[in-house]
Amino acid sequence: MGRVLSVRELEVRAGARLLLSPVSFQVSPGDKVGLVGRNGAGKTTMTRILAGEGQPAGGQVTRTGKIGYLPQDPKTGDLDQLARDRILSARGLDGILRRMETYSAQMADAETHDKAMASYARAEAELIAAGGYAAEAEAARIAANLGLPDRVLGQPLHTLSGGQRRRVELARILFSDADSLLLDEPTNHLDADSIVWLRGFLQSYPGAVVMISHDTGLLEQTVNKVFHLDANRAELDVYSMGWKRYLQQRETDEKRRKRERVNAERKAEQLLTQAAKMGAKATKAAAAHSMARRAERLLAGVEGERAQDRVARIRFPEPLACGKTPLTAADLSKSYGSLEVFTAVDLAIDKGSKVIVIGLNGAGKTTLLRILAGVEQPDTGEVIAGHGLRIGYFAQEHDTIDTARTVLENMVSASPNLNDTDVRKILGSFLFTGDDVDKPARVLSGGEKTRLSLAMLVVSGANVLLLDEPTNNLDPASRAEVLEAIRTYAGAVVLVTHDDGAAEALDPDRVLILPDGVEDLWSAEYAELISLA
């Protein structure tokens, strides 16, 4: 097979805003492309278009072969489906196996035995043609390497955490036998072992890969091309080289552009000075006008370059006054059907205390935060609000955002005491300016949703922050801002994270270990468990 993706004059917009000027490129088998650029530059939007899930403003994308696409927040269809069946459905095996189960049951009945036996044989032949029992074992092996053991595969999707569901989708796509993979932040919700395994998988994968990732280790180990989406110029710079060489080359290119910019500005200044002198004389007005236009053109060519990549200025709110222990939880337990998530968890959050929650994937960390936030009810026990409690909740899946509302409407609902001007000013510091504030929240990228969720926290006046993976989907500069905000916040924090930098910034005094609910003083040994969990 030649190319798997052929892109001609592709133009990408978000509403009226140009994200990408028309660009043409090809992706062939064996190309491992890292798609990079700052949050909000349009990486997710462009990937959705490449996958055929979104429409470009102009141009066309030609796809050859089967494409496996992992969106940033996959919305799976039937949540009653078993995790194993969801993965097997990538090759249509789930239906065959279900039919075989039905026929197997019918064979026990004398009346239907012969007919069921013939049907079973036909279904088994279909299964063998589709890779057979080996394919089922392969799916289980991929799942296990992504931290989804057999007991999780046997559960319906609605009983899984958001992180587990996302790993089921990743397993499904890696199992799908696709000719090309489009992966948007594939390492989100993966532990250290799974990330190492994924690197190996992508290195030996024979097809094409286009991947958005902030995991520089993954990019360094796997990519042989880099597409840099420059938000300032709305252009795609294509580098046919590995990650380390790309970083050096990009620095060289930036220095060159800076020199060009300085020269253009100097020339433009000279032209404008000359034009001002000549413009005073009526006889030379036309020449002066022409010079001014030339200066304008020179500056227009570098205008986009001048804007530095902006970063959201994030500072959490000055906490409202509260009592000595604003939040207490007693004897909490939670189960989904026969699956027990955790039992008998007690927790007392004192004013200004810093607590980190650790545990393996599926241990109930997100569920606990949802219960503390009042989003979900425990099966037993209760959450007790102390004097003056004001909770600020950052949800891993951005559940606090109403996707039917605009960016501005979400902010207004989070801060009823602020006037329109103040709300817009705060949104501006989170890089939502002009028409951005009128965008419906459902079209935001993962990084933009993270910024909006954080902006809603900033205006909340919260004195207890519940933060579930607050650094996911963020570029390095924005992540640094969030870490600084965590470091300097004066209120209490309960943090769930895989990011050891976030744990370090929090400098916790206590740790809660799930699913057992054991509390302990924080120590360096626990720091090592963060990225492993």
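Numbers here are sequence positions counted from 1. Remember, it's a predicted structure, so these values are computed and weren't measured experimentally.
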* Just jot down the ring-ring contact (aromatic ring centres under 6.0 Å, His included) partners of Tyr239, sequence neighbours excluded, or say none. =>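 Tyr239 satisfies ring-ring contact (aromatic ring centres under 6.0 Å, His included) with Tyr246 only.
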According to salt bridge (Lys or Arg N to Asp or Glu O under 4.0 Å), who are the partners of [X], at least two apart in sequence or on a separate chain?
{"X": "Glu251", "result": "Lys255"}
{"X": "Arg442", "result": "none"}
{"X": "Glu484", "result": "Arg487"}

* **Chi angles and distances behind the salt bridge (Lys or Arg N to Asp or Glu O under 4.0 Å) call for Arg165, Glu169** => CA-CA 6 Å; Arg165 286 219 290 269; Glu169 288 307 296; over 6 Å; no
Taking the side chain as C-beta and beyond, is there a heavy-atom pair between [X] and [Y] under 4.5 Å?
{"X": "Leu452", "Y": "Leu427", "result": "yes"}
{"X": "Leu444", "Y": "Phe432", "result": "yes"}
{"X": "Tyr393", "Y": "Ser460", "result": "no"}
{"X": "Pro29", "Y": "Asp179", "result": "no"}

* Does anything in residues 206-216 pair up under side-chain hydrogen bond (donor to acceptor under 3.5 Å, both in side chains), and if so which pairs, sequence neighbours excluded? ->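 Sorted pair list: Glu185-His214.
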Run the side-chain hydrogen bond (donor to acceptor under 3.5 Å, both in side chains) test against [X] and tell me which residues pass, sequence neighbours left out.
{"X": "Arg315", "value": "Glu481"}
{"X": "Thr450", "value": "His398"}
{"X": "Arg141", "value": "none"}
{"X": "Gln26", "value": "Arg3"}

* Quick one: list whatever passes side-chain contact (heavy atoms from CB on, under 4.5 Å) with Arg479, sequence neighbours left out. =>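 side-chain contact (heavy atoms from CB on, under 4.5 Å) check on Arg479 returns Thr471, Leu474, Leu483, Asp499.
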* Any residue meeting side-chain contact (heavy atoms from CB on, under 4.5 Å) with Asp184, in chain and number order, not counting sequence neighbours ->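 Asp184: side-chain contact (heavy atoms from CB on, under 4.5 Å) contacts with Thr44, Gln72, Ile212.
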* Residues Arg405 and Ser413: side-chain donor-acceptor under 3.5 angstrom ->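 Judged by distance alone, the side chains do pair up.
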* To do: Count the heavy atoms of every other residue, nucleotide or ligand shown that sit under 6.0 Å from CG of Asp435, and state whether that count exceeds 12.
  =>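 Not more than 12 within 6.0 Å, no.
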* Glu504, CD atom: more than 12 neighbouring heavy atoms under 6.0 Å ->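 Not buried by this count: 12 neighbours or fewer within 6.0 Å.
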* Asked: Between Arg256 and Glu260, is there a side-chain N and carboxylate O pair less than 4.0 Å apart?
  ->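 Judged by the 4.0 Å cut-off on N to carboxylate O distance, Arg256 and Glu260 do form a salt bridge.
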* Got a sec, which pairs hit ring pair (Phe, Tyr, Trp, His ring centres under 6.0 Å) with one end in residues 21-42, sequence neighbours left out? ->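 Of all non-adjacent pairs touching residues 21-42, those that pass ring pair (Phe, Tyr, Trp, His ring centres under 6.0 Å) are Phe25-Phe227.
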